[in-house]
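Written below as structure tokens is the structure these notes are about.
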Amino acid sequence: MRHLLSTKDLSRDDAILILDTAAQMAATQEREVRKLPTLRGKTVVNLFFEDSTRTRISFEAAAKRLSADVINFSAKGSSVSKGESLKDTALTLQAMGADAVVVRHWASGAAYQLAHGGWLHGSVLNAGDGTHQHPTQSLLDAFTIRKHLVTDPMGNDLAGLTVAIVGDVLHSRVARSNVHLLHTLGAKVVLVAPATLVPVGVEPWPCDVVHTLDEAIESYDIDALMMLRVQRERMTGGGFFPSPNEYTRLFGLDGDRLRRLPDHAIVMHPGPMNRGLEISAEAADSPRSVIVEQVANGVAVRMAALYLLLAGEEGAQ
Amino acid sequence: MSRPIVIENASLYGDITASLLIEDGVITKIADAIDAPDDAVVIDATGLVALPGLVDLHTHLREPGREDAETIETGSRAAARGGWTAVFAMANTNPVADTAGVVEQVWSRGREIGLVDVFPVGAVTVGLKGEHLSEMGAMADSKAKVRLFSDDGVCVYDPVIMRRALEYVKTFDGAVVQHAQDLRLTEGSQMHEGVVSAELGLAGWPAVAEESIVARDALLAEHVGSRVHVQHLSTAGSVEIIRWAKARGINVTAEATPHHLLLTDESARTYDPLFKVNPPLRTQADVDALRAAVADGTIDIIATDHAPHAAEDKDCEWAAASFGMLGLETALGVIQKALVDTGALTWRDVARLMSEAPARIGKVDDQHGRPLAEGEPANITLVDPTAAWTVDGAQLASRASNTPYGGIELPGRAVATLLRGVPTHLDPQLEGAFA
């Protein structure tokens, strides 16, 4: 594996290797000294064209616990004012000798362009590009699901499980990443969203689509329910749905809907949550919520990804 | 005057082999064999196809305003090398070609360079803003004699403005040339809306945004009894609407571009903005429908929508990149590859689609798109259909290099272009004749 750009590129074996490696990484985090010497001397650049403190500190923690040198490079620029060009930034990082570039960008495809533009030689790790992909988020989701719902997680996939993803699929890189990855790992995926928030052209995706949360709860034995963040700005200008209240009524997870899920079902959210919009406080804080644990698993999964991309090239230690 | 030229053993329209004598810019004789006058230049055209000089109804020369991307001079050279003897320069320059002053400047700069006849297209509305009609009468009466009006780059969206424009151009037998795009349905759009855009996470440009405007404008043209030309048709649905409108007797003509006849939205998977164009590349089903419509005459012409862009406007994120691609030098090769070599078109059809019909629509058919016949102006393109070449953006005559065909082999190319008997382009293999 040279880059990690899209979950669509991952085979079942690739995905299981990452999850198993993440499990080993997680185990090391129970120790008193959590830092591993694995990536000593390697330079990891966190290149963020878009603000995301959570994702950045997760990658930073992962890289530091593997003893890599970390450089944070904030190159904020909106789609209107382009700011420093992707090409110039890449050439700069190449000149600095980056072994891996973790990139978050507002434009779909930016990670792919960095990896394939011929501008830099290091590994590119996509930390979210526009509305396209966010592979480490879906890997940490799969890791969390496997840990909770698969009896003997190591070496195994998610066959037999059903995962419902609820919310703004159209604009969600998390949904796109999860549909491919969870399918590759053998899970059944159900997208739950108003038709306005499902992309035209969704038909070939390996998943079902339903248009209310109640229908999803009635029609499927849901093992994991993943709530997506709803962006309030989607309600203005053209309006993808009529009002926050209507959204909450049809798609929000509250205590009542939570109780209608199977007993073992877990509740997930990539964060940050809009409490009271897509998820009620009761659901977010219930014992079945694994939302905080997702964050911890994120560090382990990102350690695994960095390790496999960077240590792999010299043979795993 | 210039020396006479004898073109020996050319295949006229790909049909009949004959030789042509050109004197003082006019074809003076066509015969099986011609005794060349002593001072004549003799071109051995064995194996070459002779077509009337090509006429591009849709070119962006970028001057004035974006001379870093193209100038009238570099664009004229690209046109000559592509086999074109006339190009219609779109109005979306800076300043916009919405006054007699700007169109006359573009027209006279084209004459000064002399490699191709440059016919300016005037803006329909002031500043392309879609709010007030520009002074079309003044542009029509200017030295540039503008007959086509377009806000190309943006759609004339307001139905009332479109209606008035269609009515107004009747005064001077002009036509409104429409870039059909519903602006509301395409806000922020990046590529064709469908399976590929869903996967790539790029905002979709739905086919219906083109089709609804094509239908509206056909009905408006019928209602006011005027003439509308629809640019760069890109969807199967638009083809159906044009077919219906023509059957109904509406005075509508339509064009397709080489890129919409060859490439699909699958190209966007590279996230390479060289494939970003407006309207976007569509699906294979759309390409197939466009090809069929070109072959059966529903689509009247092929035009390039040659759209040069400076490197920094393409060497960036897809969403930040400009729309458009070069087309003048590759059009003939692409059309040969997509339509002639596949048996859908003959070279005679190519003459109709790329010379005769565009000259007629542009109202320059007294000078261009004329038959290859005695007494006609010697605007001639010689095509070598066996001169395969691999496209390299850096080698093209345009100032910009944003071709989507880099590395692709095209089967043939123009090897000589004559504008009123003067060679404006000669392949190195033919240069010897003029020594």
Side-chain angles (χ1 to χ4, degrees), chain A residues 5-8 49-50 75 77-91 103 105-119 126 128-134 169-177 179-180 191 198-206 209 237-238, chain B residues 182-211 235 237 264-276 280-286 309-323 402 406-407:
Chain A
L5 303 175
S6 164
T7 54
K8 208 176 174 217
F49 286 85
E50 182 182 76
S78 71
S79 55
V80 184
S81 66
K82 277 182 274 174
E84 184 172 12
S85 84
L86 191 61
K87 178 182 175 177
D88 289 332
T89 309
L91 293 172
V103 61
H105 203 291
W106 49 264
S108 299
Y112 184 96
Q113 289 177 293
L114 265 189
H116 296 281
W119 304 318
N126 184 3
D129 63 323
T131 56
H132 178 222
Q133 282 271 325
H134 191 0
V169 175
L170 178 63
H171 301 97
S172 176
R173 50 194 170 212
V174 176
R176 281 178 180 76
S177 303
V179 166
H180 291 301
L191 298 177
V198 177
V200 165
V202 75
E203 299 76 21
W205 292 14
V209 179
Chain B
D182 186 300
L183 300 181
R184 281 283 284 151
L185 283 172
T186 54
E187 282 171 15
S189 294
Q190 296 296 328
M191 67 171 294
H192 172 67
E193 181 167 60
V195 167
V196 182
S197 67
E199 184 186 323
L200 297 185
L202 290 171
W205 198 128
V208 62
E210 173 174 304
E211 293 153 3
T235 80
T264 70
D265 61 345
E266 291 290 329
S267 312
R269 290 187 187 280
T270 61
Y271 285 105
D272 186 339
L274 288 176
F275 298 103
K276 180 174 174 178
L281 302 174
R282 304 281 184 188
T283 67
Q284 189 61 48
D286 295 303
H309 286 292
E312 63 271 21
D313 292 326
K314 283 294 190 181
D315 217 357
C316 58
E317 300 86 353
W318 180 284
S322 299
F323 290 97
N402 55 305

For A/Q113 against B/P273, the heavy-atom pair lying closest together
NE2-CD, 3.7 Å
With sequence neighbours left out, what residues match B/D272 under side chain to side chain donor-acceptor pair (under 3.5 Å)?
none
Which pair of heavy atoms, one from A/T131 and one from B/L202, lies closest together, and at what distance?
OG1-N, 4.5 Å
So does A/K8 pair up with B/E199, basic N to acidic O under 4.0 Å?
yes
Residues B/A320 and A/W106: closest non-hydrogen pair is CB-CH2, 4.0 Å
Side chains of B/E193 and A/P199: closer than 4.5 Å at any heavy-atom pair?
no
Taking all non-hydrogen atoms of both residues into account, name the closest pair between B/T270 and A/Y112 and its distance.
O-CE2, 3.3 Å
Heavy-atom donor-acceptor pair, A/R176 side chain to B/L200 backbone, under 3.5 Å
no
Could you grab the distance from atom OG of A/S108 to atom CD of B/E317, nearest 0.5 Å is fine?
11.0 Å
Contacts of B/W205 that satisfy side chain to side chain donor-acceptor pair (under 3.5 Å) - sequence neighbours left out:
B/N278
Is the distance from the ring center of A/H132 to that of B/Y271 below 6.0 Å?
yes
Short question: side chain of A/E203, backbone of B/V195 - any donor-acceptor pair under 3.5 Å?
no
